[in-house]
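Please read all numbers here as calculations on a predicted model, not as lab measurements.
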Amino acid sequence: MNQYNTEQLEELRQGKPEVFEALIQAYQDRVVSTCSRFVHHQSDAEDVAQEVFVEIYQSIGSFRGESKLSTWIYRISVMKSLDFLRKQKRMKRLGHMKRVLGWEDQPDEVVLQASQEAGPDEILEVQESQEALRQAVESLPQSQRIAITLHKLEQLPTTEVSEIMGTTVSAVEGLIHRAKKRLHKTLTHYYDKKIVE
């Protein structure tokens, strides 16, 4: 993500439309990508991303530069995504979720590519594996899920993940370690079951 200097931040705080538009252009792809790691559906991720930018616009005055601007934006993106999931669960809309292939932003293209390179059985197996991984990650405790998603999927260093989560680097490393162990156990059970079937 691009970094903003003191003068640019002050212009953002003043609410200059052209400066905020430039911020959206610079951060939009990354914010949508981050939201999609949690929300999964591209259209929902884009809706949440809009909420993120509304929050940034409304709250930029409270940003004091104690962390990087990108870290602050990541934090808002995660919180808005989790808020969306909580609302979705309360409204019992989880049963209406579309088929998800995993964490790809463009599942249709993934299917198309797979269909050109593999037969129907192989495509189905890939889809089932991706779905199993997605469900395994979703079954993690929230703190573990956030830590492993930001570190492994968004490829953020543990130092930045710790800032986003408001905890220590060692705590983040512990969360990632426990998440890996839990995922390994869950997925091992899944594949053992598949072999038996």
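Of all non-hydrogen atoms in Ser81 and Cys35, the two that sit nearest each other are OG-CA, 3.4 Å. Residues His151 and Leu156 approach most closely at ND1-O, 2.8 Å, considering heavy atoms. The shortest non-hydrogen separation linking Ile148 to Leu140 is CG2-CD1, 4.0 Å. In plain terms, the two heavy atoms of Ala45 and Val32 that are nearest each other are CB-O, 3.9 Å.
To the nearest 0.5 Å, the span separating NZ on Lys80 from CG on Leu85 amounts to 13.5 Å. The CD1 atom of Ile176 lies 10.0 Å from the OG1 atom of Thr149; values are rounded to the nearest 0.5 Å. Once rounded to the nearest 0.5 Å, the distance linking CD of Gln142 with CD1 of Ile146 reads 4.5 Å. Thr186 contributes atom OG1, which lies 12.5 Å from atom NZ of Lys181 (distance to the nearest 0.5 angstrom). Between Leu12 atom CG and Phe20 atom CZ the span is 8.0 Å, to the nearest 0.5 Å.
With sequence neighbours excluded, no residue satisfies ring-ring contact (aromatic ring centres under 6.0 Å, His included) with Phe53. Residues forming a side-chain contact (heavy atoms from CB on, under 4.5 Å) with Gln25 (at least two apart in sequence, or on another chain): Glu21. Partners of Gln144 according to the side-chain hydrogen bond (donor to acceptor under 3.5 Å, both in side chains) rule, which considers only residues two or more places apart in sequence or in another chain, do not exist here. By the salt bridge (charged side-chain N to carboxylate O under 4.0 Å, His left out) test, Lys16 is found to be paired with Glu11, residues two or more places apart in sequence or in another chain being considered.
A side chain to side chain donor-acceptor pair (under 3.5 Å) check over residues 49-62, counting only residues at least two apart or in different chains, returns the pairs Glu55-Ser59. Sorted by first then second residue, the side chain to side chain donor-acceptor pair (under 3.5 Å) pairs that include residues 162-172, not counting sequence neighbours, are Thr168-Ser170.
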_Would Ile60 and Leu69 count as a side-chain contact (heavy atoms from CB on, under 4.5 Å) here? Give the steps._
CA-CA 10 Å; Ile60 190 67; Leu69 180 64; 4.3 Å; yes

*After noting the C-alpha distance and the side-chain angles of Ile56 and Trp72, does the key distance pass the side-chain contact (heavy atoms from CB on, under 4.5 Å) rule?*
CA-CA 9 Å; Ile56 292 170; Trp72 185 66; 3.9 Å; yes

*How far apart are the C-alpha atoms of Ser77 and Phe38, what are their side-chain angles, what is the distance that settles it, and do they pass the side-chain contact (heavy atoms from CB on, under 4.5 Å) test?*
CA-CA 10 Å; Ser77 300; Phe38 294 92; over 6 Å; no

*Give the intermediate values and the outcome of side-chain contact (heavy atoms from CB on, under 4.5 Å) for residues Val161 and Leu175.*
CA-CA 11 Å; Val161 176; Leu175 289 169; over 6 Å; no

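The backbone N or O of Ile164 lies less than 3.5 Å from a partner atom in the side chain of Arg75, making a donor-acceptor pair. Side chain of Arg13 to main chain of Phe63: a donor-acceptor pair is present (N/O by atom type, distance under 3.5 Å, no hydrogens or angles).
Residues Glu154 and Ser33 have side chains that bring a donor and an acceptor to within less than 3.5 angstrom of each other.
Between Val31 and Ile76, the closest side-chain pair of non-hydrogen atoms is not below 4.5 Å. Side-chain contact between Ser70 and Glu160 is present, with at least one heavy-atom pair separated by less than 4.5 Å. In this structure, Leu23 and Val19 have side chains that are not in contact, with every pair of non-hydrogen atoms separated by 4.5 Å or more.
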